[in-house]
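Predicted model, so just to flag it, every value in this text is computed and none were measured. In what follows, every heavy atom counts, from backbone to side chain, and hydrogens, waters and symmetry copies are set aside.
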Amino acid sequence: GSSLYITGINPGWINSITTALTAVCRKVDMVAIYESADCASYESPETWNYLGMGRHGATAEVMAAAKTWLVMFRDAVERVGEALGFAFDDVQFYCEYATAAERIDLGWFVMEQGTNAALRAGWNGKVKGRTAVRGQVTWYLTTKLAEGWEIDEDEYHLVIQGEPSLTTRIRFDNPATAADGSVWDPTWTTAMPTVNASTRSDGSDTE
């Protein structure tokens, strides 16, 4: 008599939003979800070490670790494709790194000049050789990148190609402080879809 509800902001909330947007389309040829995230406040050295940040180059080891970590986004691409009726021939991974243009000290993590400081990666769901669904993340610990990547200031850029085509941008304007007076943490948005799903219909919160 119970069920398990698993969600986050991405994968999770944004995939549902994007799929829902296709309801106005007569025909859908391609759907893409682009996430741009400033991760400088995400104090998890273990995560960034695993993903190769602060290391030199996109070695085979680094790329394999990134592919393993980001496999959740493959699942999201497959679920969006299933919802839209796409039968994928293949789901392909891609990944690239950008390096710090100078020494970056975040206080909890240091990246020397020339070491990995940002990644752009994702999965392409292919139908007869063309990309039908793309899920991509750009995660950066600094904008001071030697490669001069253009960083999107909007957290999400959603693209639907079809009849009609749609382009939607989503930006979170976070408050300086939370309702209880504590400093607002942007990562809280990841938890909120789950927290809000547990709210009773009468507006009270579940335990």
Side-chain angles (χ1 to χ4, degrees), residues 1-21 23 32-54 65-66 68-73 75-77 79-80 83 98 100 103-111 116-122 135-145 149-159 167-207:
S2 64
S3 61
L4 179 63
Y5 181 71
I6 302 174
T7 188
I9 196 163
N10 184 28
W13 175 80
I14 197 63
N15 317 112
S16 300
I17 292 294
T18 305
T19 304
L21 287 174
I33 301 171
Y34 299 101
E35 175 181 274
S36 179
D38 181 351
C39 300
S41 64
Y42 185 50
E43 299 184 20
S44 176
E46 298 82 5
T47 296
W48 304 117
N49 278 319
Y50 184 84
L51 286 171
M53 297 301 188
T68 299
W69 186 273
L70 297 168
V71 72
M72 70 186 82
F73 295 98
D75 182 67
V77 165
R79 298 291 75 75
V80 172
R103 187 177 189 270
I104 303 295
D105 186 350
L106 299 176
W108 55 272
F109 193 74
V110 174
M111 293 163 289
N116 298 333
L119 69 83
R120 181 180 292 146
Q136 176 179 293
V137 297
T138 300
W139 293 344
Y140 56 97
L141 296 174
T142 179
T143 57
K144 297 176 181 178
L145 302 172
W149 280 10
E150 183 175 342
I151 301 296
D152 198 334
E153 294 184 356
D154 296 321
E155 280 82 2
Y156 290 100
H157 180 197
L158 314 178
V159 177
T167 299
T168 301
R169 288 184 172 273
I170 298 174
R171 179 181 298 186
F172 300 127
D173 293 322
N174 296 319
T177 58
D180 61 3
S182 61
V183 177
W184 176 267
D185 185 341
T187 62
W188 291 351
T189 54
T190 301
M192 292 316 299
T194 304
V195 173
N196 289 326
S198 68
T199 302
R200 296 194 183 102
S201 60
D202 63 4
S204 61
D205 292 336
T206 58
E207 293 295 329

State, to 0.1 Å, how close A117 and A100 come at their nearest heavy-atom pair, and which atoms those are.
CB-N, 3.8 Å

Take T189 and W13, measure what side chain to side chain contact (heavy atoms under 4.5 Å, CB included) needs, and give me the verdict at the end.
CA-CA 10 Å; T189 54; W13 175 80; over 6 Å; no

Does any N or O in the side chain of N15 come within less than 3.5 Å of the main-chain N or O of G12, such that one atom is a donor and the other an acceptor?
yes

Could you tell me if the side chain of L21 sits less than 4.5 Å from the side chain of T168, heavy atoms only?
yes

Identify the heavy atoms of W108 and C39 that sit nearest to each other, and give their distance.
CZ2-O, 4.2 Å

Between the CD1 atom in I151 and the CG atom in D38, the distance rounded to the nearest 0.5 Å is 9.0 Å

State, yes or no, whether a side-chain contact exists between H157 and T167 at a heavy-atom distance under 4.5 Å.
yes

Of all the heavy-atom pairs spanning D154 and R169, show the shortest one and how long it is.
OD2-CD, 3.0 Å

When every non-hydrogen atom of E150 is compared with those of R120, the smallest separation belongs to O-NH2, 4.1 Å

Step by step, work out the side chain to side chain contact (heavy atoms under 4.5 Å, CB included) result for F172 and I9.
CA-CA 12 Å; F172 300 127; I9 196 163; 3.5 Å; yes

Output, in order, the C-alpha distance, side-chain angles, deciding distance and verdict of side chain to side chain donor-acceptor pair (under 3.5 Å) for E35 and Y156.
CA-CA 5 Å; E35 175 181 274; Y156 290 100; 2.5 Å; yes

In this structure, CD of Q136 is separated from CG of L70 (nearest 0.5 Å) by 11.0 Å

Is the shortest side-chain heavy-atom distance between T190 and M192 below 4.5 Å?
no

Please state whether the rings of W48 and Y42 are parallel, tilted or perpendicular, taking 30° and 60° as the class boundaries.
perpendicular

Enter the distance from L141:CG to L119:CG here, rounded to the nearest 0.5 Å.
8.5 Å

If I take atom CG from residue N49 and atom CD from residue E46, how far apart are they, to the nearest 0.5 angstrom?
7.5 Å

Could you give the distance from CD1 (I33) to CZ (F73), rounded to the nearest 0.5 Å?
10.0 Å

Nearest heavy-atom contact between S36 and D152 is OG-O, 2.8 Å

Nearest-0.5 Å distance, CZ of residue R103 to CE of residue M111:
10.0 Å

Is the shortest heavy-atom distance from the side chain of E155 to the side chain of I170 under 4.5 Å?
no

Sub-4.5 Å side-chain heavy-atom contact between I14 and L158
yes

Heavy-atom closest pair, residues A76 and P11
CB-CB, 3.8 Å

